[in-house]
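All chains are named by letter (A, B, ...) in the order of the sequence lines, taking the proteins before the strands, and each is independently numbered beginning at 1.
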Protein chains: 2
Amino acid sequence: MEKDVTIYDIARLLQLSPATVSRALNDHPAINSNTKHMIASKAKEMGYRSNMFASNLRRQRTSTIGVIVPRLDSYFMSTVLAGMEKVANDANYNLIISQSLESVKKEVANAKTMFDSRVDGLLVSLAADTENLDHFNTFFQKGIPMILFDRIMPQKNCTNIVIDNVKAGYDATSHLIEQGCRRIMHMTGNIKRNVYEDRLKGYKLALMDHGLTVDDALVQLTNLTRQDGLQMADHIKHMASPPDGLFVANDFCAVSCMGALKANGFSIPGDIAVVGFNNDPVSQVIEPNLTTVHYPGQEMGEIAAQSLINHLNGLLRINTTNTILLNYELVVRASSLRTPPAESR
Amino acid sequence: MEKDVTIYDIARLLQLSPATVSRALNDHPAINSNTKHMIASKAKEMGYRSNMFASNLRRQRTSTIGVIVPRLDSYFMSTVLAGMEKVANDANYNLIISQSLESVKKEVANAKTMFDSRVDGLLVSLAADTENLDHFNTFFQKGIPMILFDRIMPQKNCTNIVIDNVKAGYDATSHLIEQGCRRIMHMTGNIKRNVYEDRLKGYKLALMDHGLTVDDALVQLTNLTRQDGLQMADHIKHMASPPDGLFVANDFCAVSCMGALKANGFSIPGDIAVVGFNNDPVSQVIEPNLTTVHYPGQEMGEIAAQSLINHLNGLLRINTTNTILLNYELVVRASSLRTPPAESR
DNA sequence: TCTAGTAAAGCAATCGGTTGCATAAAAATT
DNA sequence: AATTTTTATGCAACCGATTGCTTTACTAGA
């Protein structure tokens, strides 16, 4: 357990002052480039590593970014984090990641922890039942930048990164209509969350644009769990006139519902055509494969992290409320395809 | 953007020395309890938060634990991390989480980052192709404790936390045998990893104990991806005498294989009984529901984190190579049940 | 009353970089 | 040759909490 090498050790060996060593290692312009090289190689030789705590203490910043997400256990979130990690590593930032498990209470606690850890900035995707951003006020007051992604909420001085969920919901619903569906059910999550609210909006718009009426009985708000999917299948079974199309705002729930529907004798897509959301791997496990909306997690993570870091480095200002929209893609698979695909020439 | 409150501010207002304030806040015995209360309430009133960097710098420790896992996007890993987070928060430790994405290269990079961040300890689950622990040598040399969980590798001075994969594999295979299977195929991952190696061992032992011979053609090493599952189904379809039982070391892969088998006209469990591993939620999506091995992620995370923290606090020594075994459970579902369940009275 | 003992609090050094402000040496200008 | 400018480096204070050692103020025992 040898002692750590410090800039003082390097300075002593090279007959220089610690100040010079510090500047050299930070590539300060006032240092002669020969000196820099000499110091750099000596540092490497001695196995020097900068003491982040001394540095942070003096600089009053931490090179740490806090990340709060509802859950880690989705393919989507995993790719988001991979993207963030990549960017953060390249920029010499650390990530502190925590999950709210969809509860405001835990989100509040996480925010406090992040604050006490003095993160330089925050990347957040909101829990299901978060009503407001009051628990982030300490950050706003201190001018600590925060970026919301995917599960967002309008907020002054806060960049949002998201896909156009209204349009995506519109496309998904329109696709079902084009496949001949006329009674389309929409199953979604807590509409406090933009992602669900907007998909619902898109659903309604698509119906209206195609001359269909919105039947409130066909809009079902749930928690989108496996259990909810099963219950919905049961509900559909007992409906006087069941839907002929089903748009679920989450693949996993869609898939569990499909399984139960099949077990109850519904044919998919014959009786009911189904579209999910997120392009979770499970969508390719179920038979028939699930039509879904894909959007780029890795890219969303990279952009979120990069925007935050750029802002921290003064390269970009997040002073005006601004929103970055990413592209999505409707991935059509068998669960919704009633017409044979158009001939490809 | 007000300035932060420091112990000097508190000291000045209360006409005390910073030393006393520091000791009081750390509940030092030499401080009068009235003084402690007075300081504590003043600190709260002023919104004081300790500067971890000053503290870390002085104490030469970071109150940070590094976590390296292959991937974040499994239900299992998400629960593990939830458990770690809980324990770490309660003990005032921070977590730095990174994923190796199953690549040694990234694992090495992550280890370096963790080292430079001066984590107090490390919790690691190894990537698929990690051959040795050389990239953690810097930690061993410095005496920084490390605990391996789930994907482990024997190592001096390193606690391992794991389930008895041999026994679990044995139980899964025995269950299939009890259901009347005689040609049981085993599909597993890279047997560099204990989890796969051991499950394979258990599989072989069970066969032998029940008087069945091990047929190498029935042991398939793959990456356990969706694609691998599909290919395996195809392979089985073309076998002269297909297996009547299938034990897959991963639920997701098992499920994709099942789907393809069904599409090829195999009945499950009639023609082939299937058992998976991990109790992933997807096991309850597929029809028939998948028999699988459940083990407690949250608990594994809690125990790993708690053991590490105890060691850091000197309450527990990880000096001898020791292994903590957690319980698992074979969850029998329809995919393997050929006999009606015994009457429950 | 005097001294030893104890409880409570303060002094000052320390952890390892960073940075504003000198300073010294070399180069350029007059 | 004298002066200004540029380049390269050093000095020393600072960031905020911690802690070994002292000091002060009481209390108890002789």
> Given C/dT18, is OP1 or OP2 found less than 4.0 Å from the side-chain N or O atoms of A/Asn26?
Replying inline: yes
>> With rounding to the nearest 0.5 angstrom, report the CZ to CZ distance, A/Phe76 to A/Arg71.
In response: 15.0 Å
> OP1 or OP2 of C/dA9 less than 4.0 angstrom from a side-chain nitrogen or oxygen of B/Ser17, does that happen here?
Replying inline: no
> Any idea which of C/dT18, D/dC15, D/dT18 is nearest the A/Leu57 side chain?
Replying inline: D/dC15
> Does the side chain of B/Asn51 reach to within under 4.5 Å of the side chain of A/Leu57, using non-hydrogen atoms?
Replying inline: yes
>> Nearest whole Å is fine: how far is C/dG20 C1' from A/Arg59 CZ?
In response: 15 Å
> Taking N and O atoms by type only, does the side chain of A/Arg23 place a donor or acceptor under 3.5 Å from a partner on the base of C/dG20?
Replying inline: yes
>> From CG of A/Asp9 over to P of C/dG16, roughly how many Å is that when rounded to an integer?
In response: 9 Å
>> Both A/Leu16 and A/Tyr8 contact DNA chain D. Taking the nearest nucleotide for each, which residue is further toward the 5' end?
In response: A/Leu16
> Could you state the CD1-P distance from A/Ile39 to C/dT18, rounded to the nearest angstrom?
Replying inline: 13 Å
> Nearest-Å distance, CG (B/Asn51) to P (D/dC14)?
Replying inline: 17 Å
>> Less than 3.5 Å apart, any donor N or O on the side chain of A/Asn56 or A/Thr62 sitting next to an acceptor on the other?
In response: no
> Over how many whole Å does the gap from B/Ile10 atom CD1 to D/dG16 atom P extend?
Replying inline: 13 Å
>> I need the CG-P distance between B/Leu25 and D/dG16, as an integer number of Å.
In response: 15 Å
> So, does the side chain of B/Arg58 form a donor-acceptor pair with the base of C/dT14 at under 3.5 Å?
Replying inline: yes
> On DNA chain C, nearest-nucleotide positions of B/Ala54 versus B/Thr20: which is more 5'?
Replying inline: B/Thr20
> Whole-Å distance between C/dA8 C1' and B/Gln15 CD?
Replying inline: 17 Å
>> Please determine whether a side-chain nitrogen or oxygen atom of B/Thr35 lies at a distance below 4.0 Å from atom OP1 or OP2 of C/dA9.
In response: yes
> For the residue pair A/Met114 and A/Val67, what are the closest heavy atoms and their distance?
Replying inline: CE-O, 3.6 Å
> Between A/Arg49 and B/Phe115, is NZ or CZ placed under 6.0 angstrom from the six-membered ring centre and within 45° of the ring axis?
Replying inline: yes
> When all nucleic acid strands are considered with a 4.0 Å heavy-atom cut-off, which category describes B/Ile31: base, sugar-phosphate, or nothing?
Replying inline: sugar-phosphate
> Among the nucleotides C/dG17, D/dT18, D/dT9, which one has an atom lying closest to any side-chain atom of B/Ser22?
Replying inline: D/dT18
>> Could you check whether the side chain of B/Arg49 and the base of D/dG16 have a donor-acceptor pair of N or O atoms closer than 3.5 Å, going by distance alone?
In response: no
>> In whole Å, I'd like the distance from the CZ atom of B/Arg118 to the P atom of C/dC15.
In response: 14 Å
> Has B/Thr6 got a side-chain N or O lying under 4.0 Å from the OP1 or OP2 atom of D/dG16?
Replying inline: no
